[in-house]
Amino acid sequence: MSSYPFDEIEKKWKVKWEEQKLYQTDIQNTEKNFYCLVMFPYPSGDKLHIGHWYNFGPTDTFARFKRMQGYNVFEPIGYDAFGLPAENYAIKVGVHPSISTSKNIEKFREQLKAIGAMYDFSKEINTSSPEYYKWTQWFFLMLYNKGLAYRKKAPVNWCPNCQTVLANEQVINGQCERCDTDVTRKDLAQWFFKITDYAEKLLEGHDRIDWPEKTITMQKNWIGRSEGAEISFGVDGTDDKIDVFTTRPDTLFGVTYMVLAPEHPLVEKLTSADNRREVEAYIDKSRKTSDIDRTSTEREKTGVFTGAYAINPVNDEKVPIWIADYVLLTYGTGCVMAVPAHDERDFEFARKYGLHIREVISPNGSPGGELEAAYVDVGVMINSGQFDGLKSDEGIDKVIDYLEEKGAGKRTVNYRLRDWLISRQRYWGAPIPIVFCPDCGEVPVPMENLPVMLPEKVEFKGKGESPLTTAPDFANTTCPNCGKKARREVDTMDTFVCSSWYFLRYPTPHLDSAAFDRENLKNWMPVHQYVGGAEHAVMHLLYARFFVKVLHDLELIDFDEPFQRLFHQGVITREGNKMSKSRGNVVNPDRFIDEYGSDTFRMYMMFMGNYADGGDWSDEGIVGIHRFLNRIWRLVEMIDENKPAGNEIERSKELERIRHYTAKMVTQGLENFHFNTAISRLMELVNEMYLYIQEVEPAEQNISIVEDARETLILLLAPFAPHLSEELWEKLGHNDSVFNAQYPGYDEDKIKSDTIPIVIQVNGKVRENMEAEPDTADDEIVDRALGLPKIQKYTNGKKIVKTIVVKNKLVNLVVR
RNA sequence: GCGAGAGUGGCGGAAUUGGCAGACGCGCUAGACUUAGGAUCUAGUACCUACGGGUGUGGGGGUUCAAGUCCCCCCUCUCGCACCA
């Protein structure tokens with residue numbers, strides 16, 4: 001295929017842009033700033049894959065568009081460089097993570113440059129550099145000092161493959177988010193961030209950000225706010241209390257038994273001698289059951305009786321206390337009051353074990369006899385003492401009021417969200433700046449001693465203990481408080497901690513007096529446009545919001561949401577299948593960049609389909625875009641070689657109309673990330689220009705319209721195909737970069753044509769078309785339509801019962 | 001199981017305050033140019049047709065002058081949640 005010299009052009013402009021420092025953003029600028037951000041990559045040993053390109057290429061097109069619209073655009077890039085692959089590589093091959101990581105970053109940087117994006121490489125970030133992780137540690141201490149970081153022993157998620165603990169968010173369907181290994185439980189002392197304190201603020205902020213509805217819903221569900229009451233049950237024959245959380249206090253009179261999670265601390269104490277063996281066997285069994293099995297809704301519920309009884313505070317009734325593994329220790333108080341008549345799970349359980357079922361909510365106010373299934377909807381309270389006859393939804397409040405009066409319960413809000421477990425038993429992460437002193441206990445490393453440097457010399461064994469234990473110089477230290485011998489914390493931080501604040505660092509990546517520059521961030525934050533994968537909805541995107549809200553509460557920043565507008569790119573498939581190494585259907589970008597150039601490659605990705613939906617890659621499809629760019633290249637040449645020299649008006653009208661229409665549609669398309677249709681409109685403009693220069697002799701061609709169309713085309717193309725457009729712009733005689741040029745506007749009046757095609761239907765079927773002037777009166781349109789021979793064929797001898805006119809669009813004649 | 005989204009030519013995909021279904025591209029067909037062309041330019045391309053038309057947006061019903069678009073039922077796929085008391 002003959003081709004424009006893309007190789008030469010792309011090389012030429014990459015060098016020129018770098019020489020001119022075209023993309024170094026003036027960070028001190030205060031007006032019309034635009035912060036356009038992509039989720040920074042993990043620099044793996046592999047090259048940039050197509051998913052990176054799909055995230056970065058189209059986003060750069062958007063950023064360039066904003067720049068040409070006159071914004072001072074900041075488009076930074078960096079490396080989320082701490083993480084497991086580098087460490088696993090060290091275990092396998094013996095290359096130190098710091099070496100492999102810096103090598104990978106070098107490679108990545110070269111690849112990123114191939115995209116031809118406006119990255120300001122002078123603002124690059126590397127989360128694994130001490131210059132950066134010093135401030136990650138500072139964040140830890142800040143949270144620690146505010147009581148938002150704490151250490152506690154708890155049953156935690158353990159990935160046997162990664163040999164480390166995981167946060168709840170990082171367990172997907174009972175499997176490790178990274179490697180899909182089944183996660184197990186371990187009792188370990190671990191560090192947590194108190195994100196639960198921010199549940200309410202995280203929910204409130206959702207109303208003020210322009211994010212995909214789906215992502216907001218996922219966060220809301222993850223936080224899982226529910227309103228209800230905490231109710232205190234006595235334990236028969238003891239002074240113990242069992243607190244339960246319920247959203248249905250209106251069903252309190254229907255409680256016929258209680259269920260505790262098997263791991264609940266009270267179980268040991270409550271269990272009677274007669275039941276002990278059975279209870280212990282059950283606890284043992286449920287410990288061995290994996291979480292995936294335990295939380296499967298398919299599985300039949302099991303449980304055992306403890307031999308103890310609880311006292312219902314509203315009616316002093318004695319009800320048996322059971323344990324069952326469908327009750328989760330981690331939600332609410334770890335126990336539930338069971339109301340089998342009005343809860344499906346309790347109903348199933350009661351049926352199986354022959355427990356009593358008492359109806360207390362009736363659909364119509366009268367008892368319904370034996371229930372076939374749990375009735376969970378609103379109804380009228382019955383068998384509920386003084387509350388009988390109340391509508392159950394009103395009863396909720398009344399019952400809580402009564403309990404509060406009696407001191408047996410209170411109104412509460414419960415959340416599904418758990419605190420964020422941030423410690424990891426791995427080497428390649430930011431060390432947690434804490435020292436354990438035999439006398440002083442847990443002591444934070446003083447801020448001025450940061451960073452706590454990762455030791456170089458450690459053993460990589462992958463044994464489930466932090467490799468930092470193998471560095472005596474690191475692990476053994478002195479207490480910052482009393483100076484005695486002490487031990488350092490050897491766990492490192494979850495890499496999601498590093499990525500929770502990187503966007504604050506980009507404008508001032510080398511600042512050594514603070515993590516970020518508060519005054520400067522006033523000009524840049526919140527990020528105006530953030531683009532990245534949807535898989536981070538309840539991980540990175542929730543953590544980053546948490547960090548920003550904490551900083552805002554501490555009055556260290558002046559905004560409380562990090563990302564104003566968020567967009568998730570879709571996933572690229574091949575022949576309808578996800579790309580994966582195991583399938584062997586991965587597209588290697590390099591091959592296509594060699595063959596067609598990076599302009600073609602990035603533009604084809606945008607043309608494949610809707611950006612939010614992803615698209616299906618086709619080795620053949622890409623030639624369409626390559627042809628299109630060639631067609632533009634030739635078009636510009638052809639116009640140069642046969643210069644228009646006339647001013648004809650008739651034929652050029654349509655060209656002029658399309659030029660303005662295209663500018664409008666491309667502008668709107670880019671604003672909304674509709675790259676694919678924007679490119680289609682550009683193609684239409686090119687097609688029309690070809691027709692014009694072929695149908696009209698150069699001597700007749702309207703100079704100003706052709707020149708304007710050509711210039712507009714290049715300007716509109718520039719965000720999509722930056723190298724080619726820059727070259728063509730230069731060819732047109734411009735000295736300055738096309739990216740310093742102004743984005744073309746359009747004239748609405750010129751988009752309107754003199755006549756509009758009107759569709760004529762008879763009984764809803766299209767029978768004829770005609771041209772009419774815009775806004776022609778309805779009567780006239782109908783008269784003209786009735787006069788057309790083809791229409792008369794359908795109306796002759798028939799009665800017109802109704803006429804519908806849609807202005808400037810169609811006429812429908814209903815005949816009988 | 002629950003929730004959300006999607007299903008349109010041979011292919012990727014356009015078009016939803018209801019108003020010509022299939023923009024744009026791939027592929028295919030024809031013509032032009034050409035020594036040649038897997039380059040380029042132009043035109044055509046949903047299906048059926050006794051050439052009058054008729055039928056078509058996963059399937060079946062409905063509302064309407066008019067339905068890919070709205071309503072009801074069903075099928076398939078994708079994503080999210082999965083005993084959250």
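Computed from a predicted structure; not experimentally measured. Side chains included, hydrogens not; waters and symmetry mates left out as well; all remaining heavy atoms used. Labels below follow one simple rule: chain letters A, B, ... track the order of the sequence lines, proteins then strands, and each chain is numbered from 1.
Taking only side-chain nitrogens and oxygens, A:Arg418 never comes nearer than 4.0 Å to OP1 or OP2 of B:C84. Taking only side-chain nitrogens and oxygens, A:Asn676 comes nearer than 4.0 Å to OP1 or OP2 of B:A14. The phosphate of B:U42 (OP1 or OP2) has a side-chain N or O of A:Gln694 nearer than 4.0 angstrom. Distances shown here put a side-chain N or O of A:Arg631 below 4.0 Å from the OP1 or OP2 atom of B:C41. Of the side-chain N and O atoms in A:Arg299, none sit less than 4.0 angstrom from OP1 or OP2 of B:G1. Within the structure, every side-chain polar atom (N or O) of A:Thr677 is placed at least 4.0 Å from both OP1 and OP2 of B:A15. Applying the 4.0 Å criterion to OP1 and OP2 of B:A85, one finds that A:Arg416 has every side-chain N and O outside that range. The side chain of A:Lys765 places no N or O atom within less than 4.0 Å of a non-bridging phosphate oxygen (OP1 or OP2) of B:A67. For B:C79, one of the phosphate oxygens OP1 or OP2 lies less than 4.0 angstrom from a side-chain nitrogen or oxygen of A:Lys578. Taking only side-chain nitrogens and oxygens, A:Lys802 comes nearer than 4.0 Å to OP1 or OP2 of B:C65.
Under 3.5 Å, the side chains of A:Asp616 and A:Thr573 contain a donor-acceptor pair of N or O atoms. Remark: the A:Arg631 side chain and the A:Asn687 side chain contain an N/O donor-acceptor pair separated by less than 3.5 Å. Using a 3.5 Å distance cut-off with no hydrogens or angles, the side chains of A:Ser753 and A:Arg657 do not pair a donor with an acceptor. Counted by atom type alone, A:Trp222 and A:Glu169 present one or more donor-acceptor pairs between their side chains at under 3.5 Å. Using modelled atom types and a 3.5 Å distance limit, the side chains of A:Thr333 and A:Asp243 yield no donor-acceptor pair. Judged purely by distance below 3.5 Å, without hydrogens or angles, the side chains of A:Gln175 and A:Asp180 never pair a donor atom with an acceptor atom. With 3.5 Å as the limit, one finds a donor-acceptor pair spanning the side chains of A:His626 and A:Thr600.
Both A:Asn414 and A:Ile758 lie close to RNA chain B; mapped to their nearest nucleotides by heavy-atom distance, the more 5′-ward contact belongs to A:Ile758. Between A:Gly615 and A:Ile625, the residue anchored nearer the 5' end of RNA chain B, judged by the nucleotide with its closest heavy atom, is A:Gly615.
B:G22 sits 15 Å from B:U16 when the C1' atoms are compared, rounded to a whole Å. Taking the C1' atom of each, B:G62 and B:U49 are spaced 31 Å apart, rounded to whole Å. Between B:G18 and B:G13, the two P atoms lie 26 Å apart (nearest whole Å).
Going from atom CG of A:Asn763 over to atom P of B:G53 covers 15 Å, rounded to whole Å. Atom C1' of nucleotide B:A85 and atom CG of A:Leu260 are separated by 13 Å, given to the nearest angstrom. At whole-Å resolution of the value, CE in A:Met608 and P in B:G13 are 9 Å apart. Atom CD1 of A:Ile804 and atom P of B:G18 are 16 Å apart (whole Å). The NZ-C1' distance, from A:Lys214 to B:C81, rounds to 11 Å in whole Å. Distance CE (A:Met683) to P (B:A14): 14 Å, rounded to an integer number of Å. As rounded to whole Å, 19 Å separates atom P of B:C26 from atom CE of A:Met605. In this structure, CZ of A:Phe675 is placed 18 Å from C1' of B:G25, rounded to the nearest angstrom.
Pair check for B:G5 finds B:C77; Watson-Crick or G-U wobble, both atom distances under 3.5 Å. Under the Watson-Crick or G-U wobble criterion, with both distances below 3.5 Å, B:G31 is paired with B:C41. In this structure, B:U55 and B:A46 make a Watson-Crick or G-U wobble pair, each of the two defining distances being under 3.5 angstrom. Base-pair partner of B:A67: not found among the strands shown (Watson-Crick or G-U wobble, both distances under 3.5 Å). The nucleotide B:C26 finds its pairing partner in B:G10, both defining distances of the Watson-Crick or G-U wobble pair being shorter than 3.5 Å. Base pairing analysis places B:A15 opposite nothing; no Watson-Crick or G-U wobble pair with both distances below 3.5 Å involves it. Judged by Watson-Crick or G-U wobble contacts below 3.5 Å, the nucleotide B:A36 has no partner.
Nucleic acid contact for A:Tyr604: none, since no nucleic acid atom lies under 4.0 Å from a heavy atom of the residue. Counting non-hydrogen atoms under 4.0 angstrom, A:Tyr690 reaches the backbone sugars and phosphates but no base. The residue A:Val801 sits apart from the nucleic acid: no heavy atom pair falls under 4.0 Å. Using a 4.0 Å heavy-atom distance criterion, A:Ser226 is classed as a sugar-phosphate-only contact. When heavy atoms are screened at a 4.0 angstrom cut-off, A:Glu684 is found touching the sugar-phosphate backbone but no base atom. If you check every strand for non-hydrogen atoms under 4.0 Å, A:Thr246 touches sugar and phosphate atoms only.
Candidate nucleotides B:G19, B:G25, B:A82 were compared by shortest atom distance to the side chain of A:Phe607, and B:G25 ranks first. The listed nucleotides are B:G80, B:C20, B:C83; the one nearest the side chain of A:Lys301 is B:C83. Proximity note for A:Asn610 (side chain, C-beta onward) versus B:A14, B:C84, B:C24: the nearest is B:A14. Distances were taken from every side-chain heavy atom of A:Lys790 (C-beta onward) to each of B:C26, B:G53, B:A43; the shortest belongs to B:G53.
Classification of A:Asp775 and A:Lys752 as a salt-bridged pair fails, no side-chain N sitting under 4.0 Å from a carboxylate O.
Between the side chain of A:Lys301 and the main chain of A:Glu348, no donor-acceptor pair closer than 3.5 Å is present. Distance alone, capped at 3.5 Å, places no donor-acceptor pair between the A:Asn676 side chain and the A:Met606 backbone. Here the side chain of A:Tyr611 pairs a donor or acceptor atom with the backbone of A:Asn55 at under 3.5 angstrom.
Near-neighbour residues of RNA chain B inside residues 806-816 of chain A, defined by a heavy atom below 4.0 Å, number-ordered: A:Val806, A:Lys809, A:Leu810, A:Asn812, A:Val814. In the region residues 329-346 of chain A, proximity to RNA chain B at under 4.0 angstrom, judged on heavy atoms, holds for A:Tyr331, A:Val336, A:Arg345.
Regarding the sugar-base torsion, B:G7 falls in the anti class, its angle being beyond 90° of 0. Annotated as syn: B:G9, whose O4'-C1'-N torsion sits within 90° of 0.
The aromatic rings of A:Phe245 and A:Tyr331 sit perpendicular, their planes meeting at an angle over 60°, well past the 30° parallel limit.
For the pair A:Arg602 and A:Trp53, the cation does not sit on the ring face, since its NZ or CZ is not both under 6.0 Å from the ring centre and inside 45° of the axis.
Judged by atom type and distance alone, A:Arg681 reaches the base of B:A23 through a side-chain donor-acceptor pair under 3.5 Å.
Under the rule for a side chain to side chain contact (heavy atoms under 4.5 Å, CB included), the partners of A:Ala350 that lie at least two apart in sequence or sit in another chain are A:Tyr257, A:Pro340, A:Leu355, A:Ile357.
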